[in-house]
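Worksheet: one structure, shown below.
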Amino acid sequence: MRQIKFHTTDRPADVAECIDVPDPVLTSDDQLLVRVDAFPINPADLLLFRGIYPRNPANGDALGNEATGIVEAVGAAVRGIAPGDRVISLRTNNWRELLLLREHELIRLSPDIGRETAAVLKVNPATASLLLETYAALSPGDWVIQNAANSAVGRTLIALAAAKGIRTLNVVRRQELADELRALGGDHVLLDGDDLAGHVTALTGGSEIRLAVDAVGGASTGRLAGCLSTGGTLVTYGAMSGEPMRIDPARLVFGDLRLRGFWLTRYLAETPRADIVALYQRLSTLVRTGALAPGVSSRFHISDIKAALAHAEETMGQGKTLVSFDQP
């Protein structure tokens with residue numbers, strides 16, 4: 001089978017390799033064999049190549065946060081999954097043609113969810129949903145502010161918040177994104193900058209903001225913190241700038257702010273199986289009703305993995321780059 005590997009950290013397109021390795025085989029009755037047909041390239045994958053994000057040792061030679069495929073074979077003890085089912089992997093070593101999994105390491109999807117949607121369902125929709133629901137008790141009419149609002153997570157958060165009646169302040173670096181994000185349901189789109197807090201106060205009439213969502217790091221984190229109300233929570237789930245976050249300590253001390261980090265891999269490892277299944281059932285329902293539409297903007301064959309990685313870095317935040325194992 002084909003598998004993507006890298007031995008040294010650097011620019012992804014320079015260090016990625018597509019190699020042939022032996023096919024895995026079922027060795028116990030509780031295992032399943034899944035043939036991967038597609039995977040997306042996430043910002044976290046790119047940061048892993050560059051050494052900014054760590055590999056997950058529990059998953060061995062981990063590379064690839066997402067993948068979808070079709071079950072080829074199941075062990076005698078497997079009851080809830082059958083050959084032919086479409087599934088998504090919950091592991092983080094997914095950029096390989098065949099996956100040897102156990103039932104708790106995957107989610108079975110409804111047949112009416114297509115390959116491309118399935119490929120990008122695990123990370124971004126789940127992250128956006130959990131960020132919105134876990135860290136502050138928000139009600140219709142409340143505000144949440146986020147940077148990297150044009151990212152896949154950011155766009156999904158806009159859609160999920162709009163469905164709940166929660167209002168969003170969406171921070172971007174390019175003004176031309178404003179109309180597109182408003183069309184998704186974003187209430188306000190703002191350019192990042194030193195005057196961010198003043199613009200937020202003017203737009204909201206000084207309303208309370210209890211949740212800020214950060215995917216950028218660097219000085220942008222501090223600017224988000226400056227928009228929070230006393231006792232508010234700032235959750236960081238990414239570091240797209242590659243820089244350590246910078247926050248004025250006075251904002252933490254006198255604003256009594258909470259700083260939290262979110263990592264989906266840890267959530268999936270520590271959360272009861274029933275809650276994980278329920279999460280993806282809710283997301284699948286939103287997909288089927290059209291309330292949630294994970295987007296794919298470009299497609300590559302596995303033989304062009306270097307070009308795919310270069311494209312993903314160049315177009316980060318402009319839709320997902322999808323890689324398939326199908327014949328070109």
Side-chain angles (χ1 to χ4, degrees), residues 1-7 16-42 44-45 48 53-115 117-123 125-127 130 263-284 302 305 322-326:
M1 72 170 184
R2 291 163 291 184
Q3 175 183 339
I4 305 304
K5 293 179 68 77
F6 71 100
H7 299 287
E17 301 177 79
C18 182
I19 64 172
D20 289 317
V21 298
D23 290 358
V25 295
L26 296 179
T27 56
S28 67
D29 287 346
D30 63 344
Q31 291 179 322
L32 308 95
L33 189 64
V34 176
R35 181 167 293 277
V36 172
D37 51 17
F39 63 82
I41 300 174
N42 284 296
D45 300 316
L48 189 73
Y53 279 11
R55 290 189 173 185
N56 179 15
N59 278 187
D61 188 20
L63 174 60
N65 279 276
E66 287 183 279
T68 184
I70 303 296
V71 175
E72 280 205 344
V74 301
V78 175
R79 294 290 180 263
I81 308 289
D85 285 345
R86 175 163 294 283
V87 298
I88 56 175
S89 168
L90 299 181
R91 289 172 63 87
T92 56
N93 60 343
N94 293 310
W95 289 8
R96 56 187 69 198
E97 203 165 4
L98 291 167
L99 291 172
L100 199 59
L101 302 172
R102 289 179 168 83
E103 192 168 350
H104 71 274
E105 296 175 320
L106 54 79
I107 296 289
R108 177 181 176 272
L109 297 179
S110 171
D112 58 358
I113 294 182
R115 180 179 78 169
T117 298
V120 297
L121 186 63
K122 172 192 167 185
V123 171
T127 296
L130 293 167
W263 187 26
L264 182 64
T265 299
R266 176 175 288 116
Y267 172 87
L268 294 174
E270 298 176 351
T271 302
R273 169 72 177 175
D275 292 343
I276 295 171
V277 171
L279 169 64
Y280 286 104
Q281 286 176 339
R282 294 196 302 273
L283 294 174
S284 296
I302 192 68
I305 186 62
L322 192 74
V323 180
S324 75
F325 284 97
D326 296 349

**OP:** Please step through side-chain contact (heavy atoms from CB on, under 4.5 Å) for the pair Tyr280 and Ile88, ending with a clear verdict.
**Re:** CA-CA 10 Å; Tyr280 286 104; Ile88 56 175; 4.2 Å; yes
Subject >> Ile107/Leu121 under side-chain contact (heavy atoms from CB on, under 4.5 Å): CA gap, chis, key distance, verdict >> reply: CA-CA 10 Å; Ile107 296 289; Leu121 186 63; over 6 Å; no
Original post:
To the nearest 0.5 Å, how far apart are CD1 in Ile276 and CD in Gln281?
Top reply: 12.0 Å
**OP:** Please indicate whether Arg266 has more than 12 foreign heavy atoms, meaning atoms of other residues, nucleotides or ligands, lying under 6.0 Å from its CZ.
**Re:** no
Subject >> Point-to-point distance, once rounded to the nearest 0.5 Å, from CD of Glu103 to CZ of Arg273 >> reply: 6.5 Å
Subject >> Where Ile19 and Val21 come nearest, the two heavy atoms and their spacing >> reply: CD1-CG1, 3.7 Å
Original post:
Can you name the nearest heavy-atom pair linking Arg102 to Ser28, along with the distance?
Top reply: NH2-OG, 3.4 Å
Original post:
Donor-acceptor pair, Glu105 side chain versus Leu101 backbone, under 3.5 Å?
Top reply: no
Original post:
Which residue, Val74, Val34, Val71, forms the side chain to side chain contact (heavy atoms under 4.5 Å, CB included) with Asp85?
Top reply: Val71
**OP:** List the atom of Ala73, the atom of Pro83, and the distance in Å for their closest heavy-atom pair.
**Re:** CA-CG, 4.5 Å
Original post:
Would you say the side chain of Ser324 lies within less than 4.5 Å of the side chain of Arg115, judging by non-hydrogen atoms?
Top reply: yes
Subject >> Student check: side-chain heavy atoms of Leu33 and Asp23 closer than 4.5 Å >> reply: no
Original post:
Is there a side-chain contact between Val87 and Thr68, using heavy atoms and a 4.5 Å cut-off?
Top reply: no
Original post:
To the nearest 0.5 Å, what is the distance between OG1 (Thr117) and CG (Asp112)?
Top reply: 10.0 Å
**OP:** Flag the pair Arg2 and Glu97 as a salt bridge only when some basic side-chain nitrogen lies within less than 4.0 angstrom of an acidic carboxylate oxygen.
**Re:** yes
**OP:** Work out which heavy atom in Ala118 is nearest to a heavy atom in Ile113; give both atom names and the distance.
**Re:** N-CG2, 4.0 Å
**OP:** Could you pull out the closest heavy-atom pair between Cys18 and Ile302, with the gap in Å?
**Re:** SG-CG1, 3.9 Å
Original post:
Out of curiosity, Ile81 CD1 to Leu32 CG, how far, rounded to the nearest 0.5 Å?
Top reply: 6.5 Å
**OP:** Output the distance between atom CG (Leu106) and atom CZ (Arg91), rounded to the nearest 0.5 Å.
**Re:** 11.0 Å
Original post:
Out of curiosity, Leu63 CG to Thr92 OG1, how far, rounded to the nearest 0.5 Å?
Top reply: 9.0 Å
Original post:
What residues form a side chain to side chain donor-acceptor pair (under 3.5 Å) with Asn42, not counting sequence neighbours?
Top reply: Glu66, Lys320
Original post:
Of all heavy-atom pairs between Ala126 and Lys122, which one has the smallest distance, and what is that distance?
Top reply: CB-O, 3.0 Å
Original post:
Among all residues two or more places apart in sequence or in another chain, which pass the side chain to side chain donor-acceptor pair (under 3.5 Å) test with Ser89?
Top reply: Asn94
Subject >> Candidate pair Phe39 and Asp45, rule side-chain contact (heavy atoms from CB on, under 4.5 Å), full reasoning >> reply: CA-CA 11 Å; Phe39 63 82; Asp45 300 316; over 6 Å; no
Original post:
Under 4.5 Å between any side-chain heavy atoms of Arg96 and Val36, yes or no?
Top reply: no
**OP:** Would you check if Tyr53 and Asn65 make a side-chain contact, meaning some heavy-atom pair closer than 4.5 Å?
**Re:** no
**OP:** Scan residues 32-41 for pairs that pass side-chain hydrogen bond (donor to acceptor under 3.5 Å, both in side chains), counting only residues two or more places apart or in two chains.
**Re:** Arg35-Glu72, Asp37-Arg86
